[in-house]
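Excluded from the calculations below are hydrogen atoms, water molecules and symmetry mates; all remaining heavy atoms, backbone and side chain alike, are included. Each residue takes its place number in the sequence, starting with 1.
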Amino acid sequence: MSSKALNLRHQVIRIYKELLYLGREYPLGYDYFRSRLHKAFASQANLKDEDQIKKGIERAEFVKKEIEALYYLKRYRILRQRYEKT
């Protein structure tokens, strides 16, 4: 395996683990999130072209940012509710 391929493999594993970590607080549950994430990554497992793999990593980074934004929004709404009551 070439060093580029090995580097891409490490990037894919890293983003997968980061998304799994974020999935702990997913509203529909961790098991739901984990199974969907696994299906998404497994469907792309046959990619061999480096450009396609990089696009997949970019898409996963985008999804990660979206999930983080949803969590921040949820936290903001909870804090806002708490402080509006007093």
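- Atom CG of Leu73 is separated from atom CD1 of Ile78 by 10.0 Å, given to the nearest 0.5 angstrom.
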Audit row: Leu79, Arg82, side chain to side chain contact (heavy atoms under 4.5 Å, CB included) steps and yes/no: CA-CA 5 Å; Leu79 289 172; Arg82 286 181 188 164; 4.2 Å; yes
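- Here Arg59 contributes atom CZ and Ile15 contributes atom CD1; the two are 12.0 Å apart, rounded to the nearest 0.5 Å.
- Here side chain to side chain donor-acceptor pair (under 3.5 Å) pairs that include residues 37-48, with residues two or more places apart or in two chains, number zero.
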Ile13/Phe41 under side chain to side chain contact (heavy atoms under 4.5 Å, CB included): CA gap, chis, key distance, verdict: CA-CA 10 Å; Ile13 292 170; Phe41 272 75; over 6 Å; no
Pairs under 3.5 angstrom only: tabulate donor-acceptor contacts from the side chains of residues 17-33 to other protein residues two or more places apart or in another chain.
from, atom 1, to, atom 2, distance (Å)
Glu18, OE1, Arg14, NH1, 3.4
Glu18, OE1, Lys64, NZ, 2.9
Glu18, OE2, Arg14, NH1, 3.1
Tyr21, OH, Arg24, NH2, 3.2
Arg24, NE, Tyr21, O, 3.0
Tyr32, OH, Arg36, NH1, 2.4

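- Put simply, CD1 on Ile57 and CD on Glu50 are 10.0 Å apart, with the number rounded to the nearest 0.5 Å.
- For residues 49-79, no pair satisfies ring-ring contact (aromatic ring centres under 6.0 Å, His included), with sequence neighbours left out.
- Remark: Ala5 engages Met1, Ser2 in a side chain to side chain contact (heavy atoms under 4.5 Å, CB included) (not counting sequence neighbours).
- Between Arg80 and Glu84 a salt bridge is recorded (basic side-chain N to carboxylate O distance below 4.0 Å).
- Interatomic distance, Ser3 OG to Arg9 CZ, rounded to the nearest 0.5 Å: 15.0 Å.
- Every side chain to side chain contact (heavy atoms under 4.5 Å, CB included) that Gln52 has, sequence neighbours left out, goes to Leu47, Asp49, Lys55.
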